[in-house]
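Structure record follows, encoded as structure tokens.
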Amino acid sequence: LFLVEGDTDEQSLAGVIRRYLAPRHQRFQVIGTDITSDWDINPKNILDRVNDEIHIALDKEKWFETDLSEVIQLVDTDGAYIDDQLIREEATIPHWQYHEDGMVAKSRDEAIKRNRHKVQNLNQLLTLTHVGKSATIPYRAFYFSCNLEHVLHNEPNVPDYEKREKADAFADQYYDDVEGFVRFITKSSFCVLGSWEQTWNFIKEGNHSLQRFTNFGLFFEKGGRGV
């Protein structure tokens, strides 16, 4: 089971991952929001939210927790781990802007608070090894930095109205080229190498969480297993 933030995550990745994993069944559960930035979510209740999303997906498929081999959550780093000094305020911009050497926000104070909140929630996810109400389903979180569009298209600030078109184009490009997708996600210059723990330590350093990186290639290096 894959937990993803939005429709375009599923749109971009579901087809090629489904073909890669065949004949194993998989499902993408679209959470519909970034739970690591949600002000209603904190380290004490984030596991409950993950479990809620798991059971929404299970109910749709009429599956049980025992039917799941593992849960993979895909998250955007959104520059959360950067030093506060790399955040600049510009009141006239319509949306936050991500650059590899810093980020721009309408309110610097709000951006700092968001980053600290997101880091607390991300770090809590990284402590999870098993999820589900039974706490028996293996779990791993992988990242796109600074977001999905940055990794897939080298564009960190894609407007919402363009995301679906880009997702369709990416899905079409790799639907019949699973090997090409695996090369892209495991061998590109933005792929972070090492153990799962090492790749997360790397993204927390300096301004890496603003730069174009992902550790999702580890899933494919292990033959389609997160754990």
Side-chain angles (χ1 to χ4, degrees), residues 3-13 30-43 45-46 49 53 73-126 141-173 184 188-192 199-216:
L3 300 181
V4 297
E5 293 180 5
D7 292 336
T8 52
D9 300 66
E10 179 180 22
Q11 203 172 345
S12 299
L13 300 171
V30 178
I31 298 175
T33 187
D34 174 11
I35 64 171
T36 61
S37 295
D38 189 329
W39 290 108
D40 292 327
I41 304 297
N42 58 64
N45 65 16
I46 197 167
R49 179 60 186 273
E53 294 296 335
Q73 186 161 0
L74 304 180
V75 299
D76 293 340
T77 60
D78 293 329
Y81 289 101
I82 65 172
D83 190 277
D84 295 347
Q85 294 180 349
L86 296 177
I87 302 174
R88 182 165 56 88
E89 184 170 304
E90 192 172 314
T92 58
I93 62 170
H95 305 289
W96 291 17
Q97 294 179 0
Y98 298 104
H99 306 282
E100 297 213 338
D101 59 353
M103 62 186 290
V104 185
K106 280 188 173 185
S107 167
R108 185 170 181 271
D109 288 343
E110 286 301 313
I112 290 171
K113 286 197 304 185
R114 191 290 305 256
N115 279 2
R116 291 177 181 171
H117 180 73
K118 185 179 177 79
V119 162
Q120 288 179 337
N121 283 333
L122 280 173
N123 288 346
Q124 182 62 28
L125 289 180
L126 301 186
F142 295 94
Y143 61 77
F144 293 108
S145 179
C146 68
N147 52 44
L148 177 77
E149 287 74 27
H150 197 180
V151 172
L152 301 191
H153 312 292
N154 199 21
E155 296 182 39
N157 299 298
V158 177
D160 288 342
Y161 65 86
E162 290 184 12
K163 288 182 178 181
R164 186 169 296 278
E165 181 179 348
K166 288 185 177 296
D168 282 339
F170 186 87
D172 290 344
Q173 178 180 354
F184 172 81
S188 297
S189 60
F190 53 76
C191 300
V192 185
T199 62
W200 272 102
N201 288 337
F202 171 85
I203 210 64
K204 295 177 183 180
E205 296 172 352
N207 59 347
H208 290 166
S209 62
L210 276 175
Q211 297 174 334
R212 190 188 187 196
F213 289 115
T214 185
N215 66 347
F216 190 35

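- His208 is linked by a ring-ring contact (aromatic ring centres under 6.0 Å, His included) to Phe202, Phe213, counting only residues two or more places apart in sequence or in another chain.
- Taking a 6.0 Å sphere around CD of Glu205, one finds it holds more than 12 heavy atoms contributed by other residues, nucleotides or ligands.
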Can Leu210 and Asp101 be said to form a side chain to side chain contact (heavy atoms under 4.5 Å, CB included), step by step? CA-CA 7 Å; Leu210 276 175; Asp101 59 353; over 6 Å; no
Between side-chain atoms of residues 148-158 and protein atoms elsewhere (two or more places apart, or another chain), which donor-acceptor pairs fall under 3.5 Å?
{"unit_1": "His150", "atom_1": "ND1", "unit_2": "Cys146", "atom_2": "N", "d": "3.0"}
{"unit_1": "His150", "atom_1": "NE2", "unit_2": "Glu100", "atom_2": "OE2", "d": "3.3"}
{"unit_1": "Glu155", "atom_1": "OE2", "unit_2": "Lys166", "atom_2": "NZ", "d": "3.1"}
{"unit_1": "Asn157", "atom_1": "OD1", "unit_2": "Tyr98", "atom_2": "N", "d": "2.8"}
{"unit_1": "Asn157", "atom_1": "ND2", "unit_2": "Tyr98", "atom_2": "O", "d": "2.8"}

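- Side-chain atoms of Gln11 never come within 3.5 Å of backbone atoms of Ala171 as a donor-acceptor pair (strictly under, hydrogens ignored).
- Side-chain contact annotation: Lys118 with Thr36, donor-acceptor N/O pair under 3.5 Å present.
- In summary, the side chains of Thr77 and Ser145 do present a donor paired with an acceptor at a separation below 3.5 Å, with no hydrogens or angles considered.
- Side chain of Ser188 to backbone of Phe190: no donor-acceptor contact under 3.5 angstrom is found.
- A side-chain donor-acceptor contact under 3.5 Å links Trp200 to the backbone of Ala141.
- Asn42 places a side-chain N or O within 3.5 Å of a backbone atom of Asn45 that can act as its donor or acceptor partner.
- Taking CG of Asp38 as the start and CG of Asn121 as the end, the distance is 8.5 Å to the nearest 0.5 Å.
- A salt bridge links Arg88 to Glu90: at least one charged side-chain nitrogen sits closer than 4.0 Å to a carboxylate oxygen.
- Judged by distance alone, the side chain of Arg108 and the main-chain N or O of Ile87 form a donor-acceptor pair under 3.5 Å.
- Note: Asn147 CG to Ser209 OG = 11.5 Å, rounded to the nearest 0.5 Å.
- Looking at Asp168, its side chain never comes within 3.5 Å of a backbone N or O of Glu165 through a donor-acceptor pair.
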Begin with the C-alpha distance, continue with both residues' side-chain angles, and end with the deciding distance and a verdict on side chain to side chain contact (heavy atoms under 4.5 Å, CB included) for Phe144 and Glu5. CA-CA 11 Å; Phe144 293 108; Glu5 293 180 5; over 6 Å; no
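- With values rounded to the nearest 0.5 angstrom, Leu122 atom CG is found 10.0 Å from His117 atom NE2.
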Start with the C-alpha gap between Lys204 and Leu126, add the side-chain angles, then the distance that decides, and say whether side chain to side chain contact (heavy atoms under 4.5 Å, CB included) holds. CA-CA 12 Å; Lys204 295 177 183 180; Leu126 301 186; 3.8 Å; yes
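- Using a 4.5 Å heavy-atom cutoff, the side chains of Asp76 and Asp34 are not in contact.
- Counting only heavy atoms from C-beta outward, the side chains of Arg116 and Asp84 approach each other to under 4.5 Å.
- Donor-acceptor pairing under 3.5 Å is lacking for the side chains of Asp78 and Tyr143.
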As a quick check of understanding, evaluate salt bridge (charged side-chain N to carboxylate O under 4.0 Å, His left out) for Arg49 and Asp40, giving each step before the final call. CA-CA 10 Å; Arg49 179 60 186 273; Asp40 292 327; over 6 Å; no
Side chain to side chain contact (heavy atoms under 4.5 Å, CB included) evaluation trace for Leu3 with Leu74: CA-CA 6 Å; Leu3 300 181; Leu74 304 180; over 6 Å; no
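- For Gly79 against Ile82, the heavy-atom pair with the smallest separation is O-CG1, 3.1 Å.
- Taken to the nearest 0.5 Å, the CE atom of Met103 stands 9.5 Å off from the CD1 atom of Ile112.
- In this structure, the separation between CD1 on Ile203 and CG on Asn201 is 11.0 Å, given to the nearest 0.5 Å.
- Contact check on Arg114 versus Glu110 returns no salt bridge, with no Lys/Arg side-chain nitrogen under 4.0 Å from an Asp/Glu carboxylate oxygen.
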I'd like to know whether Phe184 forms a ring pair (Phe, Tyr, Trp, His ring centres under 6.0 Å) with Phe170, so could you lay out the CA-CA distance, the side-chain angles of the two residues, the decisive distance to 0.1 Å, and finally the verdict. CA-CA 12 Å; Phe184 172 81; Phe170 186 87; 5.7 Å; yes
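- The NE2 atom of His99 sits 12.0 Å away from atom CG of Leu86, with the distance rounded to the nearest 0.5 Å.
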